[in-house]
Amino acid sequence: MENFTFYSPTKFVFGKGMESEAGKLVKAFDGSKVLIHFGGGSVVRSGLLDRVKASLDEAGIPHIELGGVKPNPRSGLVYEGIDLCRKEGVDFVLAVGGGSAIDSSKAIAAGAIYDGDFWDFYCGKPIDKALPVGTVLTIAAAGSEGSGDSVITKEDGMFKRGASGEGIRPKFSILNPELTETLPPYQTACGITDIMAHLYERYLTNTKDVEVTDRLIEALLITMKNEGPKAIKNPNDYQARANIMWAGTMAHTNSCGVGRSQDWNSHNIEHELSALYDCAHGAGLAVTMPAVFRYVMDHDKARFTQVAQRVWGVETAEEGIDAFAAFLKSIGMPSTITEFGGKEEDIPTLVKSLCYGDGRDGSISGFVTLNEEDCANIYKAML
C-alpha cells in the first residue's frame, strides 16, 4: 500500500424527506444567496424543485435559478452560470439533480471566483478554491455528490474532460432514495453501471498488498450485483434503492481508492463515445469496460481472477469478465456501440480525440498505457 492522505468532509444527510433540510444546511455553511442549478423535467414535475425553494425561503435565503443541464453537461451553460453568479452576487451553488447537474454546478462554482477560463481546470489545473457547493441527489450513479471531481463537455471540439480538487467537494449532500424511485429502468441500469465502473477503475491497480480496499470494492460490487436487479424489477423497493444510493456515494468518495494506483482508462475511452454520440455515460461504460478488460487482462491476470472468484463466483479471469458483461446485459445495458449509433468509420475520429485532443500526447495511461493502435483495437472490439 502507498502513502496517502484522505480527507472527505462532505456532510451526508440520508433518508426520506431530507430535501426539506436544504435551507438549514445552506445556512449552516454560511450561504446567503443561492444559485439553484438543475436540469428540468422530473425535478420540476415531481415538485422537488418547489420543495427545495420552500426550504430556502423558510431559512430566509434568497435564491435564483438556472435550469437546462443536459446529460454530458456542456460548457456553454457553465459560462452562463458563471456570469449569473457574478452578476447576482451568489455565494453558494445548490445542485438539484444527478451527476450532470452536480458536475455543472461544480464547474460554475470554480469558475465564478477564477480570473481565467474555467476550462483551465479541465486541462489539469487543480481546483483549490470555489464557491461552496451543496447537492440534492436524484440519481444514484456518478458519485459526484461525494467527490472532488467534475466532468464537462467543451462544445468547441466536443472534448469531454474531467477536473479535480478539494475546492469542489460538496459541503453537504442530501440523499433521499425515494427520489430515485421514479427513474425509468434504463436510467437505473445506467446508474448501476456507472457505480460499478467507479469500483472497477479502482480495483485495476498496479499497487501490491491492498487487501483492505480490495475487500471494500468487492463488497460494494456484490451489493450492486444483488440490489441492482431488485430495483429494476420493483422501482419502489426503497431498501434496494437505499443500498444502491449509498453504494454509489461510497464508490466515489475515494475511500476505496486510497493507497493504490488507479486505472480510469475505461472512463477516458467512454468519454469519447458520449461526447460524439451523446449516449448515456453508463450505457457507454457497459460497452467499454468488457472490451477494455479483455484487452488488458494479461497484464495482471491474477487480479482479474481474484475479482472473478470473489465477486462473480467463477474460476477464471475470462469467466469473470463474461459474467460481468452478462450481468450488464441482463439489466438492459447495450453490449455494442452500434446499439447507440456507433460506426466503424468513426473510430479514427474517436481515437484522435482520445489520444491527442485538448493537449494529450498520443496515449492514455492507467492500469496499462494504451497507444493509438491499442485504443483503435478496443473500439473495434465494441462493434
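Reckoned from all heavy atoms, side chains included, excluding hydrogens, waters and symmetry mates.
With a 6.0 Å radius and a threshold of 12 heavy atoms from other residues, nucleotides or ligands, F6 has its CZ atom above the threshold. For E339, the CD atom is densely surrounded, since the number of other residues' heavy atoms within 6.0 Å is greater than 12. Within 6.0 Å of the CG atom in N236, the count of heavy atoms belonging to other residues, nucleotides or ligands exceeds 12. Annotation for K27: atom NZ does not count as buried by contact number, only 12 or fewer foreign heavy atoms lying within 6.0 Å. Counting heavy-atom neighbours within 6.0 Å of E155 CD, excluding the residue itself, gives a total above 12.
Geometrically, K154 does not engage Y122 in a cation-pi contact, judged by NZ or CZ lying under 6.0 Å from the ring centre and within 45° of the ring axis.
Residue pairs that meet the side chain to side chain donor-acceptor pair (under 3.5 Å) test with at least one member in residues 179-191, sequence neighbours left out, are T188-R241. For residues 170-179, no pair satisfies salt bridge (charged side-chain N to carboxylate O under 4.0 Å, His left out), with sequence neighbours left out. The list of salt bridge (charged side-chain N to carboxylate O under 4.0 Å, His left out) pairs with a residue in residues 69-83, not counting sequence neighbours, reads R74-D278.
Residues N377 and Y295 come closest through the heavy atom pair ND2-OH, 3.4 Å. The minimum heavy-atom distance linking L354 with C375 is given by the pair CD2-SG, 3.5 Å. Shown here for A107 and I82, the closest heavy-atom pair between the two residues is O-CD1, 4.3 Å. Of all the heavy atoms in V258 and T213, the pair that sits closest is O-CG2, 4.0 Å. Listed here is the closest heavy atom pair of P73 and V69: CB-CG1, 4.1 Å. Taking every heavy atom of both residues into account, I244 and G228 meet most closely at CD1-CA, 3.9 Å.
Side-chain contact between V136 and L179: present, with at least one pair of heavy atoms (C-beta onward) separated by less than 4.5 Å. You'll find the side chain of H37 reaches within 4.5 Å of the side chain of L77, heavy atoms only. With a 4.5 Å cut-off on side-chain heavy atoms, D194 and H267 count as touching. Counting heavy atoms from C-beta outward, I61 and F92 have side chains that stay 4.5 Å or more apart. Residues W312 and I321 are not in side-chain contact: their nearest non-hydrogen atoms beyond the backbone lie 4.5 Å or more apart. V151 has its side chain within reach of K160: a pair of non-hydrogen atoms, C-beta onward, lies under 4.5 Å apart. Counting heavy atoms from C-beta outward, M333 and L285 have side chains that stay 4.5 Å or more apart. By the 4.5 Å heavy-atom criterion applied to side chains, R260 and I217 are counted as neighbours.
Looking at R310, its side chain never comes within 3.5 Å of a backbone N or O of R215 through a donor-acceptor pair. A donor-acceptor pair under 3.5 Å is formed between the side chain of Q262 and the backbone N or O of G257. For the pair N268 (side chain) and W264 (backbone), a donor-acceptor distance under 3.5 Å is present. Listed for the S105 side chain is a donor-acceptor partner under 3.5 Å among the backbone atoms of A101. Counting only distance, with no hydrogens or angles, the side chain of T207 and the backbone of M1 share no donor-acceptor pair below 3.5 Å. At least one donor-acceptor pair closer than 3.5 Å links the side chain of T10 to the backbone N or O of P170. Judged by distance alone, with hydrogens and angles left aside, the side-chain atoms of R169 form a donor-acceptor pair with the main-chain N or O of G146 at under 3.5 Å. In terms of modelled atom types and a separation under 3.5 Å, the side chain of E21 and the main chain of M18 share no donor-acceptor contact. Between the side chain of N72 and the main chain of C279, a donor-acceptor pair closer than 3.5 Å is present. The main-chain N or O of T288 is never found under 3.5 Å from a side-chain atom of S266 such that the two would form a donor-acceptor pair.
Using a 30° and 60° split on the angle between ring planes, W246 and F12 fall in the perpendicular class, above 60°.
By the ring pair (Phe, Tyr, Trp, His ring centres under 6.0 Å) test, Y379 is found to be paired with no residue, residues two or more places apart in sequence or in another chain being considered. Judged as a side-chain hydrogen bond (donor to acceptor under 3.5 Å, both in side chains), and not counting sequence neighbours, the contacts of S144 are D103, K106. Residues passing the salt bridge (charged side-chain N to carboxylate O under 4.0 Å, His left out) test with E201: none are found, sequence neighbours excluded. Remark: Y203 engages no residue in a ring pair (Phe, Tyr, Trp, His ring centres under 6.0 Å) (not counting sequence neighbours). Considering only residues two or more places apart in sequence or on other chains, K24 meets the side-chain hydrogen bond (donor to acceptor under 3.5 Å, both in side chains) condition with none of them. Remark: T253 engages S255 in a side-chain hydrogen bond (donor to acceptor under 3.5 Å, both in side chains) (not counting sequence neighbours). Residues forming a salt bridge (charged side-chain N to carboxylate O under 4.0 Å, His left out) with D298 (at least two apart in sequence, or on another chain): K301.
Side-chain polar atoms of S274 and E270 form a donor-acceptor pair below 3.5 angstrom. T135 and E145 are not linked by any side-chain donor-acceptor pair at a separation below 3.5 angstrom, with hydrogens and angles left out of the test. Using a 3.5 Å distance cut-off with no hydrogens or angles, the side chains of Q309 and T305 do not pair a donor with an acceptor. With 3.5 Å as the limit, one finds no donor-acceptor pair spanning the side chains of T223 and N243.
Under 4.0 Å is where a charged nitrogen must lie from a carboxylate oxygen, and between E227 and K233 no such pair does.
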Checking L273 against L350 for the side-chain contact (heavy atoms from CB on, under 4.5 Å) test, could you report, in this order, the C-alpha distance in whole Å, the side-chain angles of both residues, the deciding distance, and whether it holds? CA-CA 7 Å; L273 298 176; L350 292 165; 4.0 Å; yes

Y238 and K16: CA distance, side-chain angles, deciding distance, side-chain contact (heavy atoms from CB on, under 4.5 Å) verdict: CA-CA 10 Å; Y238 177 85; K16 298 179 180 181; 3.6 Å; yes

Would D117 and Y79 count as a side-chain contact (heavy atoms from CB on, under 4.5 Å) here? Give the steps. CA-CA 9 Å; D117 187 338; Y79 288 118; 2.7 Å; yes

Yes or no on side-chain contact (heavy atoms from CB on, under 4.5 Å) for T249 and S173, after CA distance, side-chain angles and deciding distance? CA-CA 10 Å; T249 300; S173 286; over 6 Å; no

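Criterion: ILVMFWY side-chain heavy atoms under 4.5 Å apart, direct or through other members. Under it, M297 and I269 are part of a common hydrophobic cluster.
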Only pairs under 3.5 Å count here: list side-chain donor-acceptor contacts from residues 366-373, not counting sequence neighbours, and write none if there are none.
from, atom 1, to, atom 2, distance (Å)
T369, OG1, S365, OG, 3.3
N371, OD1, E373, N, 3.1
N371, OD1, D374, N, 2.9
E372, OE2, Y356, OH, 2.7

With a 3.5 Å cut-off and sequence neighbours excluded, list the donor-acceptor pairs that the side chains of residues 49-57 form with protein atoms.
from, atom 1, to, atom 2, distance (Å)
R51, NE, E19, OE2, 3.1
R51, NH1, S46, O, 3.3
R51, NH2, E19, OE2, 3.2
K53, NZ, E65, OE2, 2.8
S55, OG, S20, O, 2.9
S55, OG, A22, N, 3.4
S55, OG, G23, N, 2.7
D57, OD1, H63, NE2, 2.8

